[in-house]
Amino acid sequence: MENSLQKQMNVIVQGTEDVLNEDELEKLVADSIKNDKPLKVKLGLDPTAPDIHLGHTVVLNKLRQFQDLGHKAILIIGDYTARIGDPSGRSKLRPKLDPKAIDENAKTYMKQAYKILDPEKTEMVNNSSWLKKLKFEDVLSLTSRFTVARMLERDDFKKRFKGNTPIAIMEFLYPIMQAYDSVAIEASVELGGTDQRFNLLMGRELQKEFSQTPQIAITMPILVGTDGVEKMSKSLGNYIGVDEAPEEIFGKIMSIPDDLMIGYYKLLTRLDLKEYDKIEESLSNKNVNPVILKRRLAKLIISDLYTVKEAEEAEKHFDLVFKKKEVPENIEEYSIREGGKVWIVKILVDSGLVKSNGQARRLIKQGAVRIDGEKVKDSNLEIKPSFLDGKILQKGKRHFRKIKAK
RNA sequence: GGAGGAGUGCCCGAGUGGUUAAAGGGAGCAGACUGUAAAUCUGCCGGCGUAUGCCUACAGAGGUUCGAAUCCUCUCUCCUCCA
């Protein structure tokens, strides 16, 4: 542990939404340096969603920073909670997951999470290993330490209570279970999104009850999705998946609104802290072309998830297709059977470039369809497959099919 | 157990008998421009072999009417309140 206290603190606090409580954290970090004893940094994860996107990586990034500072990451798989089915979010019960599925999910999750985390410094535990053993009386004893009033302090509970939206009793138990996880592993720090704030604080309280040093609760901001409005989520389709191809990620990052850049830098990269100030300054002074900063951002993120080399290749690919408006190298092929003439609209639909005949006609009218770069003007065009063989069919700027005649 | 409210296109959301394939917004797609797949502006945005045409569509099934997303009946789903 060579890093100075101040340096560690700066890195840890960077990009966070909230640190509760910072003074205590400083004390813990100081002790850890003095005794050469790493902090136990806890992150709970939900084994229901195996595909992680950049939004999830915000917190993983922070965890990685802790690892880089020499601390220990402990990932808690919420297998017990998942097995019961978390009722939060209205009154719909989530499907119960069987242990096998949870195991699978955890595995794919870890595979993706290790793109960011250092596996050497990561420990993984299932929370069933202690929650399962609790007897009903243990649960009673746990619940007796919290009051309903305390529970209702949580904003979403409060809103639902006031608004007469149902709250299942079991939902009160979730924060307690999560808090108990912290007790079980004696966490020194717990990370989470802003929505986890209350749960993280519960951990502190319960740890005090068990005469442990209360954990520091660090919350990270929610990442805004590629649309620049909503939070990043799979269901909204504004996400960038960790498992997506480098070229895809590069393109998606280039497509985020400029205003989002600085946030992405701060939450998704691990640069020297001074760098962020520089970038922020350049953006507000407009003395650097934003596109340069965006490209750098894209490369940084891809380098993390893949390799520097792949990031560079993704950039090249991007330039090839979008800047120089050339055709990319790997285009999906589409074969037509050799024979009589074929209607252009049909080819567009069958090749999957377009969803319906009507749409294909409209696109042709708009001048969006090209064969080997030449605009198709007539939606009634009929072509011999042999004429098309080897040619490239293009819709808009970035959708291509290589035609093969069989 | 009782009372009431709601269900519209990918999503949100107007529309309470006709000119409604259904306002508006978002998403998506395309065109122009550029610094990029940013921003901005414009166009498209149910389907049908090319159509002053036909089909499908406002939770589902029936019914009233020349005509229904709009009125009636039943069914289903969701929500709220009272007990």
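Order of the sequence lines sets the chain letters (A, B, ...), proteins ahead of strands, with each chain counted from 1.
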Spacing of CG belonging to D103(A) relative to CG belonging to N126(A), to within rounding of 0.5 Å
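If I round to the nearest 0.5 Å, the distance is 7.0 Å.
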
According to side chain to side chain donor-acceptor pair (under 3.5 Å), who are the partners of [X], at least two apart in sequence or on a separate chain?
X: E24(A); answer: R204(A)
X: Q65(A); answer: K62(A)
X: D258(A); answer: K294(A)

What is the distance, rounded to the nearest whole Å, between atom [atom1] of [X] and atom [atom2] of [N]?
X: R370(A); N: rG31(B); atom1: CZ; atom2: P; result: 7 Å
X: D227(A); N: rC29(B); atom1: CG; atom2: P; result: 12 Å
X: H317(A); N: rA37(B); atom1: NE2; atom2: P; result: 13 Å
X: K397(A); N: rC33(B); atom1: NZ; atom2: P; result: 9 Å

Could you tell me how far [M] sits from [N] if I compare only their [atom1] atoms? Round to whole Å.
N: rU20(B); M: rA27(B); atom1: P; answer: 27 Å
N: rA69(B); M: rA23(B); atom1: P; answer: 14 Å
N: rG46(B); M: rG9(B); atom1: P; answer: 13 Å
N: rG18(B); M: rG62(B); atom1: C1'; answer: 23 Å

So what does P290(A) touch, heavy atoms closer than 4.0 Å: a base, only the sugar-phosphate, or nothing?
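Base contact - P290(A) has a heavy atom under 4.0 Å of at least one base atom.
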
Taking any heavy-atom pair under 4.0 Å as a contact, classify K395(A): base, sugar-phosphate, or nothing.
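Sugar-phosphate, backbone atoms only, no base.
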
Mind running a 4.0 Å heavy-atom check of residues 298-316 of chain A against RNA chain B and sending the residues that fall below it, in number order?
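Result for residues 298-316 of chain A: none.
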
Heavy atoms within less than 4.0 Å of RNA chain B: which residues of residues 243-256 of chain A have one? Give them sorted by number.
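By residue number: G251(A), M254(A), S255(A), I256(A).
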
Please encode protein proximity along nucleotides 41-50 of chain B as a string of B, S and -, counting only heavy-atom distances under 4.0 Å.
--BSS-SSBB

Pairing partner of rA14(B) (Watson-Crick or G-U wobble, both distances under 3.5 Å):
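Base partner found: none.
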
